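Just so you know, these numbers come straight off a predicted model, no measurement behind them. When reading the values below, keep in mind they use all heavy atoms of this one structure, side chains included, and skip hydrogens, waters and symmetry mates. Residue numbers start at 1 and run along the sequence shown. As the structure lists them, so they are numbered: ligands from 1, and atoms in each ligand from 1.
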Amino acid sequence: MFQSRALEALVDELKKLPGVGKKSATRIALHLLRAPREEVDALARRMRDVREKVRLCGVCGNYTEEETCSICTDARRDASLLCVVEQPSDIALLESTGSYRGVYHVLHGVLSPLEGVRPEALRIEELVRRTPWSRGTRRRSSSRTRSRESRCSSRGSRAACPSEERSSSPTR
Ligand SMILES: [Zn+2]
C-alpha cells in the first residue's frame, strides 16, 4: 500500500492493538507521521515507561509503581471488606464512584475452561491467603475456625470455603 517499509511495519504493529483494524491503524500511522516530533517521542517514551515502571501490587494485584499500591497502604480503608475483581480497570471504575472504602483483589482474568483458563492461571491462591479464614488457620485457633478448617480440608477445596468475616464480591 505505502512505498515505505517503515510505515507498513508501523501499521502492522498498530493492527495488533485491541479494537484497531487496518483502517484505524493506517489513520494512526499517518497521524504519527504528520505529528510534531516531540509528540511522537513523548508517546514512545510513555509506552516504554509503562512496561518498565508499572508492576503488580504484591498484595492485591493492582497496577502500581511501588511494591504495594496506594489502596493497600491506605490505613483509612476497611481491610475487612474485600472486593474481588477481574481486572485492574474494574478497580478504577469502582474507585471513580467514591462509594467503596474496602480493599480489592484482582484475579487478572476469569475461569474459562473452553479457552483453557484454569484456576492456576488466576490469582486465586493469593486470594485464599488473604481471607480471614486462611489467616485464622495460621494465627487464630477458635473452635469455629478449626471446625471450618477441617470441613473444608476434607473436601479438598480450600478456595471454596466462605470467609467468616465480611468479604464481598460485586455482582457483575
Ligand atoms: Zn494493592
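- Taking a 6.0 Å sphere around CD of Glu115, one finds it holds 12 or fewer heavy atoms contributed by other residues, nucleotides or ligands.
- Membership of an apolar cluster is not assigned to Val110, as no side-chain contact below 4.5 Å to another ILVMFWY residue is traced.
- With hydrogens and angles left out, the side-chain atoms of Asp78 and Ser80 include a donor and acceptor closer than 3.5 Å.
- Within 6.0 Å of CZ in Arg101 there are more than 12 heavy atoms belonging to other residues, nucleotides or ligands.
- Legend: protein N/O/S atoms lying under 2.8 Å from the Zn ion (ligand 1), waters omitted, number 4.
- Every side chain to side chain donor-acceptor pair (under 3.5 Å) that Glu95 has, sequence neighbours left out, goes to Arg77, Tyr104.
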Only distances under 3.5 Å count here; give the side-chain donor-acceptor pairs of residues 24-36 to other protein atoms, sequence neighbours excluded, each with its distance to 0.1 Å.
residue : atom : partner : partner atom : Å
Thr26   : OG1  : Lys22   : O            : 2.7

